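Data first, discussion second: the structure below is written as structure tokens.
Just so it is clear, the model here is predicted, and its values are computed rather than measured. In this chain, numbering begins with 1 at the start of the sequence shown. As the structure lists them, so they are numbered: ligands from 1, and atoms in each ligand from 1.
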Amino acid sequence: MESGRVEAKMEKKESGGVSHLALDIGGSLIKMVYFPSNSSRSIDDQVNGSSKDGLAASSDDHHYSLLNGRLHFFKFETSKVDDCIDFISSELLQHRGARDNEASISGKNIIKATGGGAFKFADLFKERLGITLDKVDEMDCLVRGANFLLKTVHHEAFTYMNGEKEYAQIDHKDLYPYLLVNIGSGVSMIKVESDSKFERVSGTSVGGGTFWGLGKLLTKCKSFDELLELSHRGNNRVIDMLVGDIFGGLDYSKIGLTSTAIASSFGKPISENKELEDYRAEDIARSLLRMISNNIGQIAYLNALRFGLKRIFFGGFFIRGHSYTMDTISVAVNFWSKGDAKAMFLRHEGFLGALGAFLSYEEHDLADMAHHMLQEFPQSSYST
Ligand SMILES: Nc1ncnc2c1ncn2[C@@H]1O[C@H](COP(=O)(O)OP(=O)(O)O)[C@@H](O)[C@H]1O
Ligand SMILES: CC(C)(COP(=O)(O)O)[C@@H](O)C(=O)NCCC(=O)O
């Protein structure tokens with residue numbers, strides 16, 4: 001019996017295990033947030049610093065973690081869902097019943113899960129781990145995660161312009177309304193009006209999956225990080241058709257376009273007798289990143305304008321704290337709004353949904369616990 005396999009693993013080790021675990025299984029990545037049950041110290045001990053070395057990064061590039069019993073954040077590629085299941089099985093499902101709150105996972109074998117994969121992989125989790133995925137709506141989770149972070153984590157949101165990061169002071173009483181733009185595989189835009197009132201007002205299929213998918217085909221990169229790294233070194237002007245290319249080096253000042261503005265993304269090759277191989281992968285990656293970031297920034301602004309929203313928060317793993325991505329989005333919002341609207345980014349960008357699912361466990365102390373942990377270690381998802 002499959003669940004027997006889980007029991008065997010649970011009994012394998014004397015320590016370890018997990019009390020609350022939540023998953024966000026998206027089109028590209030599985031995000032996991034959990035609280036390990038192997039810390040015997042109280043939350044106060046942890047927060048008040050009995051272990052200041054607790055913030056630690058794993059050398060494994062697909063996870064970030066806060067060690068010593070604090071909130072752990074991991075990610076896996078969705079195409080490697082078996083790795084995620086193996087990880088839960090071998091690392092987390094241990095030590096049955098030592099503490100009451102372990103019932104959430106090891107007793108009842110139910111975990112909160114959001115994202116399309118909570119539906120797609122429900123049978124697989126049941127079959128391989130004996131675990132039932134308790135599905136929580138993706139938009140609910142994104143909003144819950146974002147509201148929680150913006151209200152409780154000091155320096156969660158920041159602006160980014162010309163390489164300068166500036167932390168935003170968010171007045172809790174003045175948080176709403178705002179536009180939440182989650183750039184995952186695709187993009188969702190959600191107008192958030194209060195803790196419980198929100199509406200998904202728009203979206204676009206040209207998102208992080210488009211960047212990674214097209215980038216993989218055009219540059220033969222083997223990983224997302226490699227593609228981002230390439231884009232660092234590229235020059236988009238080799239690929240994009242600029243206003244100056246069309247106007248013989250001149251600005252089109254009557255409509256506010258400088259000669260260096262992009263007139264047509266990826267437009268340059270149409271007038272050059274070159275093959276794909278004649279272009280540098282770096283330049284292609286740069287143009288692609290710019291095209292997609294700029295487009296999302298523009299659509300986000302138009303939606304903010306539609307509803308009179310001044311603040312736009314961008315989340316999702318597409319961003320990856322990458323300076324060029326954030327700069328491009330900020331410039332787009334600034335340009336189209338004539339400086340009226342602001343793009344802001346979140347330190348826990350990719351974990352909004354997973355955190356929202358984690359917070360949907362109906363235990364009051366869970367939000368407090370997460371609050372303390374993230375207050376003390378807000379850098380958690382940026383430690384690698
Ligand atoms: N290690 C990675 N592997 C694949 N995609 C990544 C990685 N890091 C960042 N990304 C980007 O993040 C996007 C997924 O973001 P995410 O918020 O996790 O969305 P989803 O819920 O759709 O998986 C990918 O489409 C890609 O653009
Ligand atoms: C369908 C989705 C909500 C799934 O979320 P994801 O896995 O991309 O994070 C998202 O991909 C999306 O909003 N796509 C854009 C679809 C559209 O509005 O055209």
**Asked** Are more than 12 heavy atoms from other residues, nucleotides or ligands located less than 6.0 Å from atom NZ of K80?
**Response** no
**Request:** Have a look at E138, M189, M139 and point out the one with the heavy atom closest to atom 9 (O) of ligand 2.
**Result:** E138
**Prompt:** Any chance the rings of F358 and Y34 have centres within less than 6.0 Å?
**Reply:** no
**Request:** Give the numbers and elements of all ligand 1 atoms closer than 4.0 Å to a heavy atom of W212.
**Result:** 4 (C), 5 (N)
**Complete:** So for F224 against ligand 1, with non-hydrogen atoms under 4.0 Å, the contacting part is side chain
**Identity and distance of the protein heavy atom lying nearest atom 15 (O) of ligand 1** = F317 CB, 3.2 Å
**Item:** ligand 1 atoms in contact with G209 (distance to a heavy atom under 4.0 Å)
**Value:** 25 (O)
**Message:** Can you tell me if E272 has over 12 outside heavy atoms packed within less than 6.0 Å of its CD?
**Reply:** yes
**Short N or O distance, F211 and ligand 1, threshold 3.5 Å exclusive** = no
**Prompt:** Which of the numbered atoms in ligand 2 are below 4.0 angstrom from a heavy atom of G26?
**Reply:** 7 (O)
**Asked** In terms of residue, atom name and distance, what is the protein heavy atom nearest to atom 8 (N) of ligand 1?
**Response** R320 NH1, 2.6 Å
**CH2/W336: more than 12 non-hydrogen atoms of other groups inside 6.0 Å** = no
**Request:** Under 4.0 Å from a heavy atom of G316: give me the atoms of ligand 1 that qualify, with their elements.
**Result:** 17 (O)
**Complete:** Residue, atom and distance of the protein heavy atom nearest atom 3 (N) of ligand 1 read L29 CD2, 3.6 Å
**Asked** Taking the six-membered ring of F119, is NZ or CZ of K135 closer than 6.0 Å to its centre and within 45° of its axis?
**Response** yes
**Asked** Do R290 and Y324 meet the cation-pi criteria used here (NZ or CZ under 6.0 Å from the six-membered ring centre, within 45° of the axis)?
**Response** no
**Request:** Can you figure out which of G117, S185, G184 has its heavy atom closest to atom 22 (O) of ligand 1?
**Result:** S185
**Presence of salt bridge, K268 and D240, under 4.0 angstrom** = no
**Message:** Just checking F317 against F224, ring centres under 6.0 Å apart?
**Reply:** no
**Asked** Would one find an N or O of G208, backbone or side chain, under 3.5 Å from an N or O of ligand 1?
**Response** yes
**Prompt:** Is any N or O atom of G350, backbone or side chain, closer than 3.5 Å to an N or O atom of ligand 1?
**Reply:** no
**Minimum side-chain heavy-atom gap L289-N236 below 4.5 Å** = no
**Request:** Return the orientation label for the Y178 and F313 ring planes: parallel under 30°, perpendicular over 60°, tilted otherwise.
**Result:** perpendicular
**Message:** Can you name the atoms of ligand 2, numbered from 1 with element, that are less than 4.0 Å from a heavy atom of V187?
**Reply:** 12 (C), 13 (O), 14 (N), 15 (C)
**Item:** R237 atom CZ: more than 12 heavy-atom contacts under 6.0 Å
**Value:** no
**Fill in**
Of all protein heavy atoms, the one nearest atom 14 (C) of ligand 1 is S28 CB, 3.6 Å
**side chain to side chain contact (heavy atoms under 4.5 Å, CB included) partner of F158, chosen from E164, M326, E166, M344** = M326
**Asked** Any nitrogen or oxygen of S185, main chain or side chain, under 3.5 Å from a nitrogen or oxygen of ligand 2?
**Response** yes
**Request:** Test ring-ring contact (aromatic ring centres under 6.0 Å, His included) on F35 and H20 and set out the steps.
**Result:** CA-CA 5 Å; F35 177 65; H20 292 84; 7.3 Å; no
**Asked** Among protein heavy atoms, which lies nearest atom 21 (O) of ligand 1, and at what distance?
**Response** K31 NZ, 2.8 Å
**Request:** For atom 15 (C) of ligand 2, find the nearest protein heavy atom and state the residue, atom name and distance (0.1 Å precision).
**Result:** T204 O, 3.4 Å
**Shortest protein heavy-atom distance from atom 8 (O) of ligand 2, along with the residue and atom involved** = G186 N, 3.0 Å
**Prompt:** Is the NZ or CZ atom of K165 both under 6.0 Å from the centre of the six-membered ring of Y160 and within 45° of that ring's axis?
**Reply:** no
**Prompt:** Considering only protein heavy atoms, which is closest to atom 7 (O) of ligand 2, and at what distance to one decimal place?
**Reply:** G27 N, 3.1 Å
**Item:** Test item: protein heavy atom less than 4.0 Å from atom 12 (C) of ligand 2
**Value:** yes
**Prompt:** Do any non-hydrogen protein atoms sit less than 4.0 Å from atom 1 (C) of ligand 2?
**Reply:** no
**Prompt:** Among protein heavy atoms, which lies nearest atom 16 (C) of ligand 2, and at what distance?
**Reply:** R200 NH2, 3.8 Å
**Message:** Please list the nearest protein heavy atom to atom 19 (O) of ligand 2 with its residue and the distance rounded to 0.1 Å.
**Reply:** S205 N, 3.9 Å
